[in-house]
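Predicted, not measured: the structure shown is a model, and the values here were computed from it.
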Amino acid sequence: MLQSRSNVSQRPSSEAGIAIGVILFVVALLAVIGVSLSAGSNTVGSTIVSDTVRNNIKSQANLIRSKILECNQYSFDRGELGDKYPYAGPNGVSFGVTPQLVEDLHCMAFVAEGTALPDTRTSLWSGAHAATLPAPSPGFDKWVYVNAGPSGGRCIRVQPNPGNANDVGIKTGLAQVQGAFSSQEVVYDSNSSSQRFILWITAPSGTVSADCSS
């Protein structure tokens, strides 16, 4: 009789079996969730990057273009968009040779026709309508301005760092920015090796400058 009671006491209860089953189910569920999160992490990351690119590039492009056109409106050669407009720095370096950093552009103050031209060049980002040029969007080089004259066109452009040119989020973001402008305003080729995004200040009347091409 005593032996029989001992055997009964060593058997696992039905409640213990249920508890083990629940634990195994929870472990399996957590494993499935972990795999799902891992698989979807790249998609979530790309979505965040593309949103950042879209918002930054679109707002910066509009700001830079408006400042350049404002300079043209108020400068001494307003309406002309001459070969030195706007100026690449306080010394009035000519354009048409190499692209110039947008952050270095200067504007000549307006003077009445026939008045001697004073040396009153000021930064494009200061003056009566001062503005702050934001830092480049993460993963991008700085904005540049190209003045290739009426024939080659005048543009601003930006592109990803070489190591980020194939980033899916960046490509998606740039394609979204492209959709915010008309085909006459923007040049962007999602298949280009540079992923260069170009916005026209004045469209070319002749052969497009290589510096304003994707």
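- The closest side-chain heavy-atom distance from L124 to E103 is not below 4.5 Å.
- Here the straight-line distance linking atom CD1 of I64 with atom CH2 of W143 works out to 5.0 Å at 0.5 Å rounding.
- Atoms CH2 and CD, on W200 and Q184 in that order, are 12.0 Å from each other to the nearest 0.5 Å.
- One finds the CD1 atom of I156 at 9.5 Å from the CD atom of Q60 (value rounded to the nearest 0.5 Å).
- Here the straight-line distance linking atom OH of Y145 with atom NZ of K67 works out to 14.5 Å at 0.5 Å rounding.
- Side-chain contact between S137 and V158 is absent, with no heavy-atom pair separated by less than 4.5 Å.
- Scanning all heavy atoms of the two residues, the minimum distance from P160 to D141 falls at O-OD2, 3.8 Å.
- The shortest non-hydrogen separation linking V102 to V144 is CG2-C, 3.6 Å.
- Of all heavy-atom pairs between V49 and G169, the closest is CG1-C, 3.9 Å.
- In the hydrophobic clustering of ILVMFWY residues, with side-chain heavy atoms under 4.5 Å counting as a link, L199 and V187 come out apart.
- By the 4.5 Å heavy-atom criterion applied to side chains, Q195 and N164 are not counted as neighbours.
- Under the 4.5 Å side-chain criterion, counting only non-hydrogen atoms from C-beta, K171 is not in contact with V168.
- Residues A165 and S193 approach most closely at CB-O, 3.5 Å, considering heavy atoms.
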Checklist line | side-chain contact (heavy atoms from CB on, under 4.5 Å) between F197 and F140, worked out | finding: CA-CA 11 Å; F197 183 86; F140 281 78; over 6 Å; no
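- Remark: the backbone N or O of G163 is not paired with any side-chain donor or acceptor of N161 at under 3.5 angstrom.
- Contact detail for C212 and G153: the closest heavy-atom pair is SG-O, 4.4 Å.
- At a threshold of 4.5 Å between non-hydrogen side-chain atoms, the residues V177 and Y188 do not count as touching.
- Between K142 and P136 the shortest side-chain heavy-atom distance falls below 4.5 Å.
- Considering OG1 of T52 and CD1 of I170, their distance stands at 10.0 Å, rounded to 0.5 Å.
- In this structure, R157 and P99 approach most closely via the heavy-atom pair NH2-CG, 3.3 Å.
- The hydrophobic clustering, which links ILVMFWY residues whose side-chain heavy atoms are closer than 4.5 Å, places I57 and L101 apart.
- Sparse packing is recorded around NZ of K58, with 12 or fewer heavy atoms of other residues, nucleotides or ligands lying under 6.0 Å away.
- Between the CD1 atom of I198 and the OG atom of S214 there is a distance of 5.5 Å, given to the nearest 0.5 Å.
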